[in-house]
Peer 1: 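Input: one structure, supplied below.
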Number of protein chains: 2
Amino acid sequence: MTMSKCDQCIIKQFNSLRALEKDDLIRISGCKTSKYIKKGEVLFKEGDNINGVYCVKSGVCKMSKLSANGKDQIVKLVVRGDLIGQRSLVTDEVSNLTAIAVNEMEVCFIPKNEVLHDLAKNASFSLDMLQDMGRELRVADNIIVDMAQKSVKRRLADVLTYLHETFDKDEDGYVSVVLSREDYASLVGTATESAIRILSQFKKEGLIATTGKHVKIVDFDGLRRVE
Amino acid sequence: MTMSKCDQCIIKQFNSLRALEKDDLIRISGCKTSKYIKKGEVLFKEGDNINGVYCVKSGVCKMSKLSANGKDQIVKLVVRGDLIGQRSLVTDEVSNLTAIAVNEMEVCFIPKNEVLHDLAKNASFSLDMLQDMGRELRVADNIIVDMAQKSVKRRLADVLTYLHETFDKDEDGYVSVVLSREDYASLVGTATESAIRILSQFKKEGLIATTGKHVKIVDFDGLRRVE
DNA sequence: TGGAAAACATGACAATTATCATAGGGATTA
DNA sequence: TAATCCCTATGATAATTGTCATGTTTTCCA
């Protein structure tokens with residue numbers, strides 16, 4: 001099996017690695033490791049020292065954190081093209097989040113030392129990373145406000161819309177990425193039973209259609225009006 | 001009145017500006033503006049193009065965001081030594097937050113163009129800023145989990161503890177920074193009446209003492225055990 | 001392929017939190 | 001100093017959400 005080369009990889013267009021020079025990408029190719037992760041497998045756990053970044057070539061990953069009451073809260077979903085673990089590049093802290101594959105993933109791991117060198121040398125690379133973290137920070141602010149002010153029902157409607165906008169749909173309009181009811185609950189921060197109940201209600205009201213775990217939005221306007 | 005010089009300013013120890021060279025600090029001194037802001041005054045609003053960073057020399061500032069239901073949610077408090085508006089340095093986006101002084105503040109404003117130049121030139125400056133944003137991101141993740149999983153009572157107990165740990169206390173142990181009941185509500189994401197009720201309850205249970213807006217923690221362990 | 005385990009579903013009830021109404025107290029201003 | 005306004009406070013009630021219990025369906029794997 002041949003290892004793909006970073007400088008020819010399309011994925012890098014989607015993240016800060018695009019700011020690197022060809023020579024640096026070739027050097028990084030030489031020390032990166034490539035990995036397949038099965039659905040449900042743990043990439044790393046809260047408290048792990050990851051010492052590098054993962055670049056997601058395909059698949060989806062949930063980033064979660066264990067709360068004091070023992071429930072997992074999904075903080076964000078990481079998709080194709082995203083980098084995981086940028087924070088570990090600039091601090092020696094361990095990860096604050098656990099990463100678990102939602103479906104089969106292919107990721108590349110680049111050791112910290114290799115990239116640290118580029119951050120110091122290449123200003124446009126570090127600027128790109130600053131912009132990226134700034135964007136993440138803005139998204140996080142929005143989530144805080146939503147968690148604090150919106151109802152569970154409204155948050156679940158938002159998640160459904162987000163999934164619809166973010167992922168591919170099959171020929172019938174069903175979102176390609178499937179989550180368990182527990183994942184939905186963990187995304188909006190509610191009890192699993194509540195998530196199940198609200199999804200059932202949405203279905204009964206004709207806002208969504210479901211077959212098993214597969215979900216499709218039927219009435220966009222209706223979903224937008226949910227309070 | 002003489003304008004103070006950045007290179008001699010103690011405040012810069014607390015933020016990324018510490019990574020700058022003396023020459024650069026002197027140059028920045030020449031183009032910065034200094035400003036006093038009275039309690040309740042707006043430094044900038046959500047949607048404003050701030051085009052620079054504020055460095056907080058003294059005072060406290062609440063950073064809030066208007067939610068869909070018309071309530072303000074305080075996302076964080078900014079204190080002495082913090083920089084406000086780092087995101088505006090690396091993106092052209094407008095601010096996502098409103099900044100309002102909680103008490104009298106003294107801030108310095110440094111125009112974007114002046115600092116942008118340093119970000120490109122000085123790797124340890126941009127690395128410091130990356131570290132800082134990484135920290136902020138971690139804090140934001142924690143807040144998301146707390147908002148999603150903890151009760152209002154528990155969140156209010158956390159806020160009281162945070163205020164006690166973050167700000168000075170007078171000789172009787174009362175926290176120097178005073179917030180309105182509405183501010184407390186806006187910090188934990190609840191109705192003002194609920195915040196008032198819980199503070200009254202904490203007082204009745206002997207966890208805190210209050211005189212007017214001034215608050216003091218009496219029973220730390222008790223407050224820690226609140227659920 | 002059968003059986004266990006996990007995920008989904010729903011009812012009943014309890015706990016939490018929001019909303020509305022009302023009123024007192026303290027600061028500010030005419 | 002009185003009038004006014006804003007903040008604080010508290011009761012009553014409604015709405016939301018969580019918890020526990022129980023049954024069904026689906027998935028997984030030995």
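Values below: all heavy atoms of this structure, side chains included; hydrogens, waters and symmetry mates excluded. Protein chains get the first letters and strands the later ones, always in sequence-line order, with residue 1 at the start of each.
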Peer 1: Between A/I198 and A/K213, who's closer to the 5' end of DNA chain D by nearest nucleotide?
Peer 2: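 Final value for this comparison: A/I198.
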Peer 1: Restricting to pairs with a member in residues 72-83 of chain A, which pass salt bridge (Lys or Arg N to Asp or Glu O under 4.0 Å), not counting sequence neighbours?
Peer 2: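 Sorted result for residues 72-83 of chain A: A/K76-A/E136.
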Peer 1: Take the C1' atoms of the five end pairs on each side of the helix from C/dT1-D/dA30 to C/dA30-D/dT1, get both axes, and report the angle to 10 degrees.
Peer 2: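 End-to-end axis angle for the helix from C/dT1-D/dA30 to C/dA30-D/dT1: 40°, rounded to 10°.
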Peer 1: Looking only at heavy atoms, which two atoms of A/C108 and A/K32 are closest? And how far apart?
Peer 2: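 In this case the closest contact between A/C108 and A/K32 is SG-CE, 3.3 Å.
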Peer 1: Looking at every strand, decide which applies to B/K71 at a 4.0 Å heavy-atom threshold: base, sugar-phosphate, or nothing.
Peer 2: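 The answer is sugar-phosphate, as B/K71 gets under 4.0 Å only of primed atoms, P, OP1 or OP2.
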Peer 1: The criterion is side-chain hydrogen bond (donor to acceptor under 3.5 Å, both in side chains); which residues satisfy it with A/K57, sequence neighbours excluded?
Peer 2: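 Checked A/K57 against side-chain hydrogen bond (donor to acceptor under 3.5 Å, both in side chains); matches are A/S4.
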Peer 1: Rounded to the nearest 0.5 Å, how far apart are CD of A/E104 and CD1 of A/I37?
Peer 2: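 It is 9.5 Å, given to the nearest 0.5 Å.
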Peer 1: Name all residues meeting the side-chain hydrogen bond (donor to acceptor under 3.5 Å, both in side chains) criterion together with A/N15; count only those two or more places apart in sequence or in a different chain, and write none if there are none.
Peer 2: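 Once residues adjacent in sequence are excluded, A/N15 has no partner under the side-chain hydrogen bond (donor to acceptor under 3.5 Å, both in side chains) criterion.
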Peer 1: Distance from A/L160 atom CG to A/L199 atom CG, nearest 0.5 Å?
Peer 2: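 Nearest 0.5 Å value for the CG-CG distance: 6.0 Å.
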Peer 1: Mind jotting down which residue pairs meet the side chain to side chain donor-acceptor pair (under 3.5 Å) criterion with at least one end in residues 161-180 of chain B? Sequence neighbours excluded, please.
Peer 2: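 As it turns out, the side chain to side chain donor-acceptor pair (under 3.5 Å) pairs with a partner in residues 161-180 of chain B, which skip direct neighbours, are B/S180-B/D183.
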Peer 1: The criterion is side-chain hydrogen bond (donor to acceptor under 3.5 Å, both in side chains); which residues satisfy it with B/K203, sequence neighbours excluded?
Peer 2: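 With sequence neighbours excluded, B/K203 shows a side-chain hydrogen bond (donor to acceptor under 3.5 Å, both in side chains) to B/T210, given in chain and number order.
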Peer 1: Scan residues 218-227 of chain B for pairs that pass side chain to side chain donor-acceptor pair (under 3.5 Å), counting only residues two or more places apart or in two chains.
Peer 2: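 Residue pairs with at least one partner in residues 218-227 of chain B: B/D221-B/R224.
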Peer 1: Just to verify, which of B/V53, B/V107, B/L43 counts as forming a side chain to side chain contact (heavy atoms under 4.5 Å, CB included) with B/I84?
Peer 2: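 Of the listed options, the one satisfying the test is B/L43.
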Peer 1: With a 4.0 angstrom cut-off to heavy atoms of chain B, pull out the first and last contacting nucleotide of DNA chain D, in 5'-to-3' order.
Peer 2: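 Under 4.0 Å from chain B, the extent on DNA chain D is D/dC7 to D/dA12.
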Peer 1: Would you kindly compare A/A148 and A/T210 by the position of their nearest DNA chain C nucleotide and give the one closer to the 5′ end?
Peer 2: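 Its nearest nucleotide being more 5', the pick is A/T210.
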Peer 1: 5' to 3' on DNA chain C, which nucleotides open and close the contacts with chain A (atom under 4.0 Å from a heavy atom)?
Peer 2: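 Listing 5' to 3', DNA chain C meets chain A from C/dA7 to C/dA12.
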Peer 1: Could you identify which residues of residues 172-193 of chain A place a heavy atom less than 4.0 Å from some atom of DNA chain D, listed by residue number, or say none?
Peer 2: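 Those residues whose heavy atoms fall under 4.0 Å from DNA chain D, taken from residues 172-193 of chain A in numerical order, are A/T190, A/A191, A/E193.
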Peer 1: Does this structure show an ion pair linking B/R138 with B/D141, if we count only N-O contacts that are shorter than 4.0 Å?
Peer 2: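 Salt bridge absent between B/R138 and B/D141.
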Peer 1: Which residues satisfy the side-chain hydrogen bond (donor to acceptor under 3.5 Å, both in side chains) test with A/D48, sequence neighbours excluded?
Peer 2: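 Listed in chain order: nothing, the list is empty.
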Peer 1: Would you list the pairs meeting salt bridge (Lys or Arg N to Asp or Glu O under 4.0 Å) in which at least one residue belongs to residues 184-195 of chain B, sequence neighbours left out?
Peer 2: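 Applying salt bridge (Lys or Arg N to Asp or Glu O under 4.0 Å) to every pair that reaches into residues 184-195 of chain B, excluding sequence neighbours, yields nothing.
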